[in-house]
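For reference, the structure discussed in these notes is given below.
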Amino acid sequence: MPELPEVETIARNLATQLPGCQILAVEKLDWERMVETPSLPLFQSTLPGRCVQGVGRRAKWLLLLLDGGWTLALHLRMSGRVGVSGSNPSADRHTHLVLALDDGRRFLGFRDPRKFGRVRLLDAGGFTKLHTAYGPEPLSDQFRPADLAHILSTHHTRLKPLLLNQAVLAGLGNIYVDEALWLAGLHPLRCSTTLTFTEGSHLHAAIRSVLTAAIQRGGSTLRDYRDGYGERGHNQEYFSVYRRTGQPCPRCGTPIERIRVAQRGTHLCPVCQPAAPATHSPIHPSPPHSPHSH
DNA sequence: GGCATCCTGACC
DNA sequence: GGTCAGGATGCC
């Protein structure tokens, strides 16, 4: 599920509700593999009594900044959902972590039907490691077109897998890569080193535009995603290509195509995003048949 | 790079 | 029954 805009939306919601709250108890934890670090006993014993001092986000991690220098980091992966509620969500079979807050009348719940979600309780060192494991934040003022140009020129890779790589650039997932590449008019299989500086600048602008608009619309809800209040996002109503196979391109009317790139469903306009030029010097002459049969 | 794997649920 | 799904990792 959540990519940068969804996690950012949740973080902003929780930032209005959680700071100042105390974690009373770990009310429920029934999927132990969810906790990556530290050991379960330490996780269970460290949380009670901690106060939430702030809420943030790094890449697709939701960060609850606690007193004592601890950070509770939540990764929602595909189907995770995090929210505060006034009733205890422990009875729900898909809610695997519940923290009782304050006097026990409010609860922070982490629901995840697919059980891919992960939780880490980090000390200051772990917090630093988390930050350095990821590439730049695309919406940061520090992220300039030249920074993307440097990324593109130093990786000899197709655009989509490159942009999905969190260590290279933080926060993009399958939806927003497809949308950004369409907006920039770039084919997902283009090799990053073939882009001109102008194309790279367009991609830089497209990434920021797509993410900013999605945050303004509260994220994209396909199925599981809800914001920190349990509300759906509505950015999915504005998709240009994502899951719009066969529907007209908003720019030129050509039916949107779906291909598979890096094992991910990938959506594009074959006219606005011209096919990838050769990524290597052509050792072999052109193939005898056009790859397009129609 | 490709592929399997971690899981459950929805849809055909 | 098979296929697909917003993510990430590990193993050729």
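Model, not experiment: these values are computed from the prediction. Naming: A, B, ... by sequence-line order, numbering from 1 per chain. The basis for the numbers below is simple: all heavy atoms, side chains too, and nothing from hydrogens, waters or symmetry mates.
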Sugar-phosphate only, base, or nothing, as touched by Trp61(A) at under 4.0 Å among non-hydrogen atoms: nothing
Arg33(A) CZ to dG7(C) C1', straight-line distance once rounded to whole Å: 15 Å
Closest-nucleotide 5' rank along DNA chain B - winner of Pro113(A) and Gln263(A): Gln263(A)
P spacing across the pair dG9(B) / dA8(C), given as an integer number of angstrom: 22 Å
Closest to side chain of Arg243(A), choosing from dG6(C), dA8(C), dG9(B): dG6(C)
Phosphate OP1/OP2 of dG2(B) contacted by Arg158(A) side-chain N/O (<4.0 Å): yes
Tyr225(A) OH to dA10(B) P, straight-line distance once rounded to whole Å: 21 Å
Distance test, side-chain N/O of Arg260(A) to OP1/OP2 of dA5(C), below 4.0 Å: yes
Contact under 4.0 Å: Arg93(A) side-chain N or O vs dG9(B) OP1/OP2: yes
Ring centroids of Phe116(A) and dA8(C) base under 5.5 Å with planes under 30°: no
Length of the line joining Arg264(A):CZ and dT3(C):C1', which is rounded to integer Å: 16 Å
Side chain of Arg258(A) - closest among dG1(B), dA5(C), dA8(C): dA5(C)
Length of the line joining Arg77(A):CZ and dG7(C):P, which is rounded to integer Å: 10 Å
hbond_proxy Arg223(A) side chain to dA10(B) base (donor-acceptor, 3.5 Å cutoff): no
For atom NE2 of His75(A) and atom C1' of dC6(B), their distance in whole Å: 14 Å
OP1 or OP2 of dG7(C) under 4.0 Å from side-chain N/O of Gln166(A): no
Contact under 4.0 Å: Lys60(A) side-chain N or O vs dA8(C) OP1/OP2: yes
Any donor-acceptor N/O pair, Thr221(A) side chain to Gly233(A) backbone, under 3.5 Å: yes
For atom NE2 of His155(A) and atom P of dG1(B), their distance in whole Å: 11 Å
Residue Glu32(A) excluded, over 12 heavy atoms near CD under 6.0 Å: no
Cationic tip of Arg208(A) above Phe143(A) ring, under 6.0 Å, 45° of axis: no
Sugar-phosphate, base or nothing in reach of Thr157(A), heavy atoms under 4.0 Å: sugar-phosphate
Pairwise C1' distance for dG1(B) and dG6(C), with rounding to whole Å: 23 Å
Rounded distance in Å - NE2 (His267(A)) to P (dC4(C)): 11 Å
His75(A)/Phe116(A) aromatic ring centres below 6.0 Å: no
Closest contact, heavy atoms only, Ala100(A) versus Glu27(A): CB-OE1, 3.7 Å
Length of the CZ-P vector between Arg217(A) and dG6(C), whole Å: 20 Å
His94(A) vs dC7(B): side-chain N/O to OP1/OP2 distance below 4.0 Å: no
Touch class at under 4.0 angstrom, heavy-atom based, for Tyr242(A) against every strand present: sugar-phosphate
Check: Tyr134(A) main-chain N/O paired with Arg58(A) side-chain donor or acceptor under 3.5 Å: yes
